[in-house]
Chemist: 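Below is one structure. I have some questions about it.
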Amino acid sequence: MSIKTANNKEFEEFLKKLSREYLLYAPVLNEKDDKVVFEPINEDNISKITLGCQADVPLKECILPYNEKLSIEENPDKKIVILGARACDIEAVRVIDDVFLDEPVDPYYQDRRDKTIIIGYSCAKMEPTCFCDTVGIDPVEHDSAQAYLYKEGEKYFLKVMDEELESLFTSLPGGNEEELAELIDNRRNGMADSNFEIDLPVPVPEAAAFAASCWEKIAEKCLGCGVCTYYCPTCYCFGFFWQDKDGEDKWRAWDSCMFSLYTKHASGHNPRNSKDKRYRQRVMHKFSYHPENYGKLACVGCGRCIKRCPVHLDIRSALKLVENELKEEGGK
Amino acid sequence: MKKDKMKPNKAEIIEVIQETGSNLNVKTYRVKFIDEDVRNSFSFRPGQFMMVTVFGKGEAPFGFASSPTQEYVELSIKETGRVTSAMHNLAEGDIIGIRGPYGNGFPVERAEGKNLVFIGGGIGIAPLRSLINYVLDESKRDQFGNVQMLHAFRSPEDALFKYDHAMWENSPDTVVKYTIDNPCDDWEHCVGFPHTLLASELDCELPDALFFTCGPPIMIKFITEELKKMGIEKKNIITTLEMRMSCGFGKCGRCNIGHYYVCKDGPVFTFEQLNEMPSEY
């Protein structure tokens, strides 16, 4: 492990170097729609890198594009560096890894993952929709990034966790380990909790939570637009499609369990034929099914589904209602 | 198999068998992989399934209708949706894509030495046939006990696999019954829904028996209720489920029932397992 430091100018030079040698993704303010999204960095947009707030769109697009032709040759040759990933989004990559790197491995995903270096970014404050602490994530630091970036005022620190990456950072001066440790401590101590507590076992008990009667009420105003799944850093479901007439080139695109066609059989039968069943699927997948299969939660508490929902559905309220109902049942 | 598990291997349709009349359009396709290495290395277990591509139209999961002991892979397809309709427009010599096999398959090892009962309805007989023809294959027959079958069709012209019937009926220690929904002329077999015939037509009290059933959901429901009434244990009743799928091996996320994925934890489940699962299928 080594510590590096940089001022604004040094940091910009470092980014320029990275963007020349790697396919560098970082959160960029897109002025057209006023959204911060991970984009490939070049000379033109390097000045628009925006680290100070949570990216509106998670970084999953860099490793699992919203659509892609199934061909490893189409993948970038260069190594990929994702800079500015917050702890929630880093944990989300681990969730997607669980599925796509599990046997049988997804070759397209694996190829991109093998080429990907993640440089995390330490959060300084929780947004009102954040609840990563509730799901056991430390917003200040996540240990599965290869390096971590901390910004305090005009000063940057970089902690290089993966020794093989030292060469990436040689242009930067060394930093003071104690100074960084103090910064991390101050952040951990100074950051307010999310104020969202949930008292449910993990995995959430499948049979009881599935059978809960509150889902209908929870999903009453759901429009089935799927925006929660597109903005979700862990939602990875996909479908195939073909663009050429002879069907030789196979593509895949994100799909969404919020859509009624998602599970509809050719016969017309649909196991999830109403929105409460579909909303239940999304929540149960994150808090019950994925934890049951892979041993960890598939919700990272980023709160994007809460921010983006056009009818203000809040997954925290949904969980609370389930919790209350299970407790009532248990108490009977 | 190729490393690239999401792309199909090309296979040529070498024979198309029209199974039924026009009211319930089922065809069976005998196919042969174009690539010799794939052809030689391809193996599967009864009850597994494959993802079939009709190029330019789409892809969908189908159970193997043939036994691995047969020379060619066969799939039986009922014209229902986009892919199956496109499939029905294909003829001998046309090329389709096949990838797989996927899923757990029937518990063949568990069935060894046991008495076996098959109850199938309509196109649901296709996946059962994969195991039936395996069990009745001359090289395997002595590994299994008594075999009983009850095949249900809407009408005589909806009967599937007629060309197998003589082989089934002539197999040692094998009883084969057929039933149709309503009486009609020249029909010498049973009439009525299969659950009403279990007690009279089959010997369900044979010790150490396994029951395999597949057909319309409503049929499966009544069959299992009837079997349970007879005191058959839920772990000895086995079925195979269908579900909409894209990938076939646990990535695309759409075929789950609770934390189980039909594609990789199934499609074959015992009723003991299904009872533990949320009823969302």
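So that the names make sense, note that chain A is the first sequence line, chain B the second, and so on, each numbered from 1.
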Chemist: Given that the side chain runs from C-beta out, which part of B:Cys255 has a heavy atom under 4.5 Å from chain A: side chain, backbone, both or neither?
Modeler: neither
Chemist: If I measure from the heavy atoms of chain B, does A:Phe259 come under 4.5 Å with its side chain, its backbone, both, or neither?
Modeler: neither
Chemist: Does A:Lys78, at its NZ atom, have more than 12 non-hydrogen atoms belonging to other residues, nucleotides or ligands within less than 6.0 Å?
Modeler: yes
Chemist: For the CZ atom on B:Arg82, are there more than 12 heavy atoms of other groups (residues, nucleotides or ligands in this structure) within a distance under 6.0 Å?
Modeler: no
Chemist: Could you measure the distance from the CZ atom of A:Arg272 to the CZ atom of B:Arg244? Nearest 0.5 Å is fine.
Modeler: 11.5 Å
Chemist: What residue in A:Pro291, A:Ala207, A:Pro104, A:Ala266 has the most heavy-atom pairs under 4.5 Å with chain B?
Modeler: A:Pro104
Chemist: For A:Phe240 and B:Arg99, work out which heavy atoms get closest and say how close.
Modeler: CE1-NH2, 3.5 Å
Chemist: Should A:Lys250 and B:Glu59 count as side-chain neighbours, where that means a heavy-atom distance under 4.5 Å?
Modeler: yes
Chemist: Give, as side chain, backbone, both or neither, the part of B:Met243 having an atom under 4.5 angstrom from any heavy atom of chain A.
Modeler: both
Chemist: Can you tell me how far apart CD1 (B:Ile123) and OG (A:Ser267) are? Round to the nearest 0.5 Å.
Modeler: 12.5 Å
Chemist: I'd like to verify something: which residue of B:Gly81, B:Gly58, B:Ser279, B:Gly250 has the highest number of heavy-atom pairs under 4.5 Å with chain A?
Modeler: B:Gly58
Chemist: Does NZ in B:Lys234 sit with more than 12 non-hydrogen atoms of other residues, nucleotides or ligands closer than 6.0 Å?
Modeler: no
Chemist: Is A:Lys217 atom NZ crowded by more than 12 heavy atoms from other residues, nucleotides or ligands, each under 6.0 Å away?
Modeler: no
Chemist: For B:Phe249, is it the side chain, the backbone, both, or neither that has a heavy atom closer than 4.5 Å to a heavy atom of chain A?
Modeler: both
Chemist: Measure distances from A:Phe210 to the heavy atoms of chain B and classify the residue's part below 4.5 Å as side chain, backbone, both or neither.
Modeler: side chain
Chemist: In Å and rounded to the nearest 0.5 Å, what is the CD to OG1 distance from A:Glu248 to B:Thr53?
Modeler: 10.0 Å
Chemist: Any carboxylate oxygen within less than 4.0 angstrom of a Lys/Arg side-chain nitrogen, looking at A:Lys277 and B:Glu280?
Modeler: no
Chemist: Return the option, out of A:His285, A:Lys264, A:Lys245, with the maximum number of heavy-atom pairs under 4.5 Å with chain B.
Modeler: A:Lys264
Chemist: Chain B: which of A:Asn273, A:Asp244, A:Leu261 shares the most heavy-atom pairs with it under 4.5 Å?
Modeler: A:Leu261
Chemist: Any donor-acceptor pair under 3.5 Å linking the side chain of A:His269 with the backbone of B:Tyr281?
Modeler: yes
Chemist: First locate atom OH of B:Tyr260, then atom CG of A:Asn293, and finally report the distance between them rounded to the nearest 0.5 Å.
Modeler: 9.0 Å
Chemist: Taking atom CD of B:Glu242 as the centre, does the number of heavy atoms from other residues, nucleotides or ligands within less than 6.0 Å exceed 12?
Modeler: no
Chemist: Tell me, out of A:Glu206, A:Gln281, A:His290, who's got the most heavy-atom pairs with chain B below 4.5 Å.
Modeler: A:Glu206
Chemist: Please look at A:Ser288 and chain B and tell me whether the side chain, the backbone, both or neither of the residue comes under 4.5 angstrom of a heavy atom of that chain.
Modeler: neither
Chemist: Can you check whether B:Lys57 reaches A:Trp242 side chain to side chain, under 4.5 Å on heavy atoms?
Modeler: no
Chemist: Taking all heavy atoms of A:Asp102 and all of B:Lys251, pick out the closest pair and write down the distance.
Modeler: O-NZ, 2.7 Å
Chemist: Any heavy-atom pair between the side chains of A:Met284 and B:His259 that's under 4.5 Å?
Modeler: no
Chemist: Taking everything shown except A:Asp114 itself, do over 12 heavy atoms lie less than 6.0 Å from its CG?
Modeler: yes
Chemist: Are any non-hydrogen side-chain atoms of B:Arg254 and A:Asp255 less than 4.5 angstrom apart?
Modeler: yes
Chemist: If you round to the nearest 0.5 Å, how far is OG1 of A:Thr263 from CD1 of B:Ile257?
Modeler: 11.0 Å
Chemist: Before accepting this row, confirm whether a basic side-chain N of the pair B:Lys264/A:Glu103 lies closer than 4.0 Å to the acidic partner's carboxylate O.
Modeler: no
Chemist: Other residues, nucleotides and ligands only: do more than 12 of their heavy atoms fall within 6.0 Å of CD on A:Glu216?
Modeler: no
Chemist: To the nearest 0.5 Å, what is the distance between CD1 on B:Ile95 and CG on A:Asp246?
Modeler: 13.0 Å
Chemist: Assess the residue pair A:His265 and B:Thr80 against the criterion (side chain to side chain contact (heavy atoms under 4.5 Å, CB included)); give the C-alpha distance rounded to whole Å, side-chain angles, the decisive distance to 0.1 Å, and a yes or no.
Modeler: CA-CA 10 Å; A:His265 295 199; B:Thr80 309; over 6 Å; no
Chemist: Any side-chain heavy atom of A:Tyr236 within less than 4.5 Å of one from B:Cys252?
Modeler: no
Chemist: Check for a donor-acceptor pair, side chain of B:Lys7 on one end and backbone N or O of A:Asp249 on the other, with a separation under 3.5 Å.
Modeler: no
